[in-house]
Amino acid sequence: MAVGFAGGGEDQRQYGGRVTAFAALSCITAAMGGAIFGYDIGTAGGVSSMEPFLRDFFPDVHRRMQAGAGVGNYCKFDSQLLTLFTSSLYVSGLLTAVLVASWFTERHGRRPSMILGGVAYLGGAAVSGGAVNVYMAILGRALLGVGLGFANQAVPLYLSEMAPARYRGAFSNGFQFSLCLGALAATVVNYGAEKIKAGWGWRLSLGLAGVPAVLLIVGASFLPETPNSLVQQGKGRGEVKALLQKIRGIDAVDEELDDIVAANAMGQAGDNGLRLILSQRRYRPQLAMAVLIPSFTQLTGINAIGFYAPVLLRTIGMSESAALLSTIVMVIVSSASTFASMLLVDRFGRRTLLVLGGVQMFLSEVLIGAIMAAKLRDEGQVSRTYAVVLIFLIGVYSTGFGWSWGPLSWLIPSEIFPLEVRSAGQSITVASGFVFTILVAQYFLAMLCRLKAWLFFFFAGWILVMTAFAHLFLPETKGMPIEQIGNLWGKHWYWKRVVGVDQVHDGQKL
């Protein structure tokens, strides 16, 4: 089936419009979906390092932490049950994204998916905070995963479709910025909860996950649906045009609406989105990006540090309280760098930030591994000076991630798929990220025990690979209307050979 794309290259159409308060407030509200993800990342690692939580649910790990346990520094926290507590969320999130969320988001819209995700996440917070045994705690995290499966499916799509083309990067990066704020809130809560002498502070950390969930539910209830989704649901042209005019702040929106309608017509004439992606050559570049970008992002090791930063800092000899406080500082730095990315991405472009951020992460990861290999043995601790240097390098690493691969791993996949396969493509993106998050979460502590400091060289190697991939295979998408990005693949030095004759431009084969 031949496909026509409107504009591209020199003949690319640029829609009119301005940044309206209506669109900005809608995107800010929707971006709250990132906060529930960030809160979980921040909570999981902090709670996993709290002694009362470990004593109640993971007594073997707690015993290893005691003085004289005879276990090396790198293996104190090695427990498959402990990592299952963390990764169970991502298993359920993966299943939700693949089996339910894509279909629901395409058929019923982005806004209902956000509401449903918030409700499931709220239920998970209640079960986790009230857990009386490890299996109830794991069940709570599984419910949290259902919520994330819906939210991560719908929110990036919502932001990409609502944002003006020339500022789409800044608007969409709001998801990652919200994620960082959620992680910051979690680390602050963890720091305070750890000081509760009665030992129930971990319940407070887990239960307060319901706060960002409620904010998402309430906020999404007042959001408009995106014009793209309304067309996909078969709403009348007049209704969609009126909404698009309100979003863009101008009356002349016919060109943009025509492109949305044309993209939807291609989907209606074909098969369902997932089958189209897997069967048609013209979607091969987008499919590769949807699988590789989120997978590479997890192979930077960022979620390993996000989940287990307090654990890692305790490995090098810091106290529980100092480890949590240091984590707060690192999350603040990461949040600031993500905000910087919102200002830079539409000026310098996606690929430039990915490459420069990759270089920064690679160098800091190598230095972290080198210091730990040289100074941290199975017994004893690193000196205070080297501990400070390690914290600084982890901060440099987190900063590099915060203004590059962190936000852009959500932005790029959400903007490159045509409307007819956009929801299915986002489900592949979310599923790929969850698969590798599961692997990293489940095996990081075991790998730390066995590879020791060499684990950081392992992540550094992947950072080198992904940086080269971004430089060679990712075309620049800044400023392009979302329904015209499909033209880029037919002009790229490599992907034009992959898409072949399946892709056409204004009725002509590329």
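Atom CG of L206 is separated from atom CG of N190 by 8.5 Å, given to the nearest 0.5 angstrom. Considering CG of L276 and CD of E420, their distance stands at 7.0 Å, rounded to 0.5 Å. To the nearest 0.5 Å, atom CZ of residue F459 and atom OG1 of residue T300 are 7.5 Å apart.
Across all non-hydrogen atoms, the minimal contact from A154 to R110 is CB-O, 3.5 Å. Closest approach of V396 and S364 over heavy atoms only: CG1-CB, 4.1 Å. Taking all atoms of both residues into account, the shortest heavy-atom contact from F22 to P224 is CZ-CG, 3.4 Å. Shortest non-hydrogen contact noted between T43 and Y39 is OG1-O, 2.7 Å. Nearest heavy atom pair, residue I416 against residue T477, reads CG2-CG2, 4.5 Å. Scanning all heavy atoms of the two residues, the minimum distance from A220 to I115 falls at CB-CG1, 3.7 Å.
Counting only residues at least two apart or on different chains, the side chain to side chain donor-acceptor pair (under 3.5 Å) pairs with a member in residues 333-342 are N173-S341. Residues in residues 112-128 take part in these side chain to side chain donor-acceptor pair (under 3.5 Å) pairs, two or more places apart or across chains: T105-S113.
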Could you give me the CA-CA distance, side-chain angles and deciding distance for D259 and Q484, then say whether side-chain contact (heavy atoms from CB on, under 4.5 Å) is met? CA-CA 8 Å; D259 281 348; Q484 297 179 24; 3.4 Å; yes
Does the side-chain contact (heavy atoms from CB on, under 4.5 Å) test come out yes or no for T429 and I293, once each step is laid out? CA-CA 8 Å; T429 300; I293 288 179; over 6 Å; no
Could you walk me through whether E365 and W462 pass the side-chain contact (heavy atoms from CB on, under 4.5 Å) check? CA-CA 11 Å; E365 195 94 64; W462 280 110; over 6 Å; no
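Exactly one of W403, F37, F339, W410 qualifies for a ring-ring contact (aromatic ring centres under 6.0 Å, His included) with F177. That residue is F339. Paired with E415 under the rule side chain to side chain donor-acceptor pair (under 3.5 Å), one option of R168, R422, K478 passes, and it is R168.
Between H492 and W495, the ring planes are tilted. Angles from 30° to 60° get that label. Ring-plane geometry between F473 and Y494 is classed as perpendicular, the angle between the planes exceeding 60 degrees on a 0 to 90 degree scale with a lower cut at 30. In this pair, F434 and Y90 present their aromatic rings tilted. The plane angle is within the 30 to 60° band.
In terms of the side chain to side chain donor-acceptor pair (under 3.5 Å) criterion, residue partners of N228 (sequence neighbours excluded) are, by chain and number, E483.
Side-chain contact annotation: S427 with Q153, donor-acceptor N/O pair under 3.5 Å absent. For the residue pair S414/Q426, the side-chain donor-acceptor check at 3.5 Å is not satisfied. Side-chain contact annotation: S229 with E161, donor-acceptor N/O pair under 3.5 Å absent.
A salt bridge does not link E225 to K235: none of the charged side-chain nitrogens sits closer than 4.0 Å to a carboxylate oxygen.
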